[in-house]
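The residues of the chain are indexed from 1 along the displayed sequence. Below, each value reflects all heavy atoms present in this structure, side chains not excepted, and no hydrogens, waters or symmetry copies.
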Amino acid sequence: MAIEDDVLVIGGGLAGTTAALAATERDGDVQVRLVSYKQSTLRHASGLIDVLGYTPAGDGPLVDPFDALEGLPDGHPYERVGSEAVRDALEFFDDIAGDAYDGAHTDANALVPTHGGTVKPTARYPVSTAAGLASDDRDALLVGFETVPDFEAPLAASHLEAAGVPFEACGVTVQFPGIARDDAKITRYAHLLDHDESVETAAGETTARDALTETVRSHLEGESRVGFPAILGDEHADAVRADLADRLGVDVFEVPMGPPSLPGMRLEDRLYDALEERGVRVTTGVPVVDYETDAGETAPNGLDRIDHVVVDRNGSEIPHRADQYVLATGGLVGKGVRSERERVFEPIFDCHVPHAADRYDWFVDDVFGDQPYARFGLPVDRDLRPLDASDEPEFSNLRAAGAVLGGYDFAAEKSGAGVSLATGYVAGRRAASEGER
């Protein structure tokens, strides 16, 4: 017997969780399930919610991303859903994020420094980063740690100054109290500060926060804010940051890091808590390996209709049936889109992925050039249904959201999280409106 739901979301990243949550908002009586195979990509994300930092032509950084949305080319995910849906999705995110995120008060992008010393235009950002915005003219001290090589504070500070930020940035690298090895997980740093554990220093035994405060205080030279890599606690991150700020007498902020990312993990926890609160059934660690259409039947519009998918649970094939499906499995990086020597394809439903016949046309020699493969993904109609090579919907009851979509380069545009939010929100609501039993 198949496990039955009204809406089945495949994929557990930002697009998938947003789709599942939006489906419950559309109608609280709709039964929603989310299935995912691998660990959520949220753990590798910066935690920043970008909408559009640069146009497809490379213009930017954009002050107001909404000014540029209307000029995007046909087929871009934002063009498919429309700018109002982007606004609605951000408002939806604001309700879920609550006081953990800033930026809801304005349409303008904030400029958030990153661990490499670049400045990223972003629409919503964790409150832990708020005191570090590059638009702030207060001088800043960046503090890196010898055992966290991904954040070279002196180099990041020099890059920020070279970028023309309106403040003086200095960087220093110190030893993190209580950790001597460079292979410690970032959660170990967070745990030490969360629980203010005892650590040994040259001056004797003290607590982690005391030791860190004394180390940093000796490097302050009048700066009114201090930035650390994003490892300042997990369960009690707000309290850790506030305590350090009180001890140092300056504002304290986190600098977003590359993967693995504590801000990404915090966002994941918030989203999955919301899924539980809204009654979404979540099944992780199970790949979708096959599907079946209704035998000999089509929808009223003549399109094929997915009857059920098959999930591999520890070697057993379990059918899952739903009225509506949302595909949010990611792009090339997440393997929601795959490539072989002769073709590029979507591996679950074999949906059409436009690409040149000659694989040497999939890329250009310039590493920093406009790479065709960066836009590989599913073309969709305005209902977010994947289209075949004849521009007809592949199935009547399948929608796609997030990085599995084509027609945009999220890395160059700084639009990845925004596209996931907007398309996940639209796909979830429309699936719910048609998935009522």
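- Judged as a salt bridge (Lys or Arg N to Asp or Glu O under 4.0 Å), not a single pair has a partner in residues 400-411 (not counting sequence neighbours).
- Remark: Asp238 engages Arg241 in a salt bridge (Lys or Arg N to Asp or Glu O under 4.0 Å) (not counting sequence neighbours).
- Considering only heavy atoms from C-beta on, Thr18 comes within 4.5 Å of Phe92 through its side chain.
- In summary, of the residues considered (Thr17, Asp273, Leu42), a side chain to side chain contact (heavy atoms under 4.5 Å, CB included) with Glu268 occurs for Leu42 alone.
- Closest approach of Gly13 to Thr41, counting heavy atoms only: CA-OG1, 4.1 Å.
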Discussion item. Would Val309 and Leu8 count as a side-chain contact (heavy atoms from CB on, under 4.5 Å) here? Give the steps.
Written reply: CA-CA 9 Å; Val309 298; Leu8 180 67; 3.6 Å; yes
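- At a threshold of 4.5 Å between non-hydrogen side-chain atoms, the residues Glu4 and His308 do not count as touching.
- Here Arg209 does not pair with Glu214 in a salt bridge; the nearest charged N to carboxylate O distance is not below 4.0 Å.
- His76 meets the ring pair (Phe, Tyr, Trp, His ring centres under 6.0 Å) test with Tyr78, Tyr408; sequence neighbours excluded.
- The shortest distance between side-chain heavy atoms of Arg313 and Thr283 falls below 4.5 Å.
- Residues passing the ring pair (Phe, Tyr, Trp, His ring centres under 6.0 Å) test with Tyr37, sequence neighbours excluded: none.
- When only modelled atom types and interatomic distance are considered, Gln31 and Asp5 share a side-chain donor-acceptor pair under 3.5 Å.
- The salt bridge (Lys or Arg N to Asp or Glu O under 4.0 Å) search around Arg80 returns none, not counting sequence neighbours.
- A 4.5 Å side-chain heavy-atom check between Leu327 and Pro386 finds every atom pair outside the cut-off.
- Residue Asp183 places its CG atom among more than 12 non-hydrogen atoms of other residues, nucleotides or ligands, all under 6.0 Å distant.
- Between Arg385 and Val380 the shortest side-chain heavy-atom distance does not fall below 4.5 Å.
- In this structure, CG on Leu220 lies 10.5 Å from SG on Cys170, to the nearest 0.5 angstrom.
- By the ring pair (Phe, Tyr, Trp, His ring centres under 6.0 Å) test, Phe93 pairs with Tyr101, sequence neighbours left out.
- A distance of 9.5 Å separates CG of Leu387 from SG of Cys351, quoted to the nearest 0.5 Å.
- Pairing each heavy atom of Ala322 with each of Asp6, the nearest pair is CB-O, 3.8 Å.
- Applying the salt bridge (Lys or Arg N to Asp or Glu O under 4.0 Å) rule to Glu394 yields no partners; only residues at least two apart in sequence or on another chain are considered.
- The closest side-chain donor-acceptor pair between Asp210 and Thr207 falls under 3.5 angstrom.
- With no hydrogens or angles considered, no side-chain donor-acceptor pair links Thr55 and Glu413 at under 3.5 Å.
- Between the CG atom of Asp312 and the CD1 atom of Ile318 there is a distance of 9.0 Å, given to the nearest 0.5 Å.
- Looking only at atom types and distance, the side chain of Thr147 has a donor-acceptor partner in the side chain of Tyr189 under 3.5 Å away.
- The shortest distance between side-chain heavy atoms of Arg43 and Pro260 does not fall below 4.5 Å.
- Listed by first and then second residue, the ring-ring contact (aromatic ring centres under 6.0 Å, His included) pairs that reach into residues 225-272 come to none, sequence neighbours excluded.
- At most 12 non-hydrogen atoms from other residues, nucleotides or ligands lie less than 6.0 angstrom from CZ of Phe410.
- Closest approach of Pro154 and Thr173 over heavy atoms only: CD-OG1, 3.5 Å.
- The stretch residues 44-67 participates, sequence neighbours left out, in these salt bridge (Lys or Arg N to Asp or Glu O under 4.0 Å) pairs: Asp50-Lys120.
- With a 4.5 Å cut-off on side-chain heavy atoms, Thr187 and His191 do not count as touching.
- Applying the salt bridge (Lys or Arg N to Asp or Glu O under 4.0 Å) test to pairs two or more places apart or on separate chains, those with a residue in residues 98-113 are Arg87-Asp107.
- From His355, atom NE2 reaches atom CZ of Phe376 across 7.0 Å, with rounding to the nearest 0.5 Å.
- Rounding to the nearest 0.5 Å gives a distance of 11.0 Å between CZ of Arg188 and CG of Asp194.
- Shown here is Glu146, whose CD atom has more than 12 heavy atoms of other residues, nucleotides or ligands within 6.0 Å.
- Counting only distance, with no hydrogens or angles, the side chain of Asp150 and the backbone of His115 share no donor-acceptor pair below 3.5 Å.
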Discussion item. What verdict does the side-chain contact (heavy atoms from CB on, under 4.5 Å) test give for Asp88 and Tyr425, after you've listed the backbone C-alpha separation in whole Å, the side-chain angles of each residue and the deciding distance to 0.1 Å?
Written reply: CA-CA 8 Å; Asp88 291 343; Tyr425 178 76; 3.7 Å; yes
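- Shortest non-hydrogen contact noted between Ser128 and Arg266 is OG-NH1, 4.0 Å.
- At a threshold of 4.5 Å between non-hydrogen side-chain atoms, the residues Ile49 and Leu14 count as touching.
- Annotation: the span from Leu155 atom CG to His159 atom NE2 amounts to 4.0 Å, rounded to 0.5 Å.
- Residues forming a salt bridge (Lys or Arg N to Asp or Glu O under 4.0 Å) with Glu79 (at least two apart in sequence, or on another chain): Arg382.
- A donor-acceptor contact shorter than 3.5 Å links the side chain of Gln175 to the backbone of Ile179.
- The environment of CD in Glu152 is sparse: at most 12 heavy-atom neighbours from other residues, nucleotides or ligands sit within 6.0 Å.
- Contact between Thr423 and Gly402 at its shortest, heavy atoms only, is OG1-N, 2.9 Å.
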Practice prompt. Evaluate the criterion side-chain contact (heavy atoms from CB on, under 4.5 Å) for residue pair Val311 and Val289; output intermediate values, then yes/no.
Written response: CA-CA 6 Å; Val311 166; Val289 296; over 6 Å; no
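- Between the side chain of Gln371 and the backbone N or O of Ala374 there is no donor-acceptor pair closer than 3.5 Å.
- Here Glu434 pairs with Arg399 in a salt bridge; the nearest charged N to carboxylate O distance falls below 4.0 Å.
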Atom pairs and distances, side-chain donor-acceptor, residues 130-145, under 3.5 Å, sequence neighbours left out:
unit_1, atom_1, unit_2, atom_2, d
Asp136, OD1, Arg138, N, 3.0
Asp136, OD1, Arg138, NE, 3.3
Asp136, OD2, Arg138, NE, 3.0
Asp136, OD2, Arg138, NH2, 2.9
Arg138, NH1, Asp251, OD2, 2.8
Arg138, NH2, Asp251, OD2, 3.3
Asp139, OD1, Glu168, N, 3.0

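- Heavy atoms only, all atoms of each residue included: Pro113 and Val255 are closest at O-CG1, 3.9 Å.
- In this structure, the side chain of Ser415 does not engage the main chain of Gly418 through any donor-acceptor pair within 3.5 Å.
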Discussion item. Could you walk me through whether Leu267 and Met265 satisfy the side-chain contact (heavy atoms from CB on, under 4.5 Å) test, starting with their C-alpha distance in whole Å, then the side-chain angles of each, then the deciding distance to 0.1 Å, before giving a yes or no?
Written reply: CA-CA 5 Å; Leu267 176 58; Met265 294 178 191; over 6 Å; no
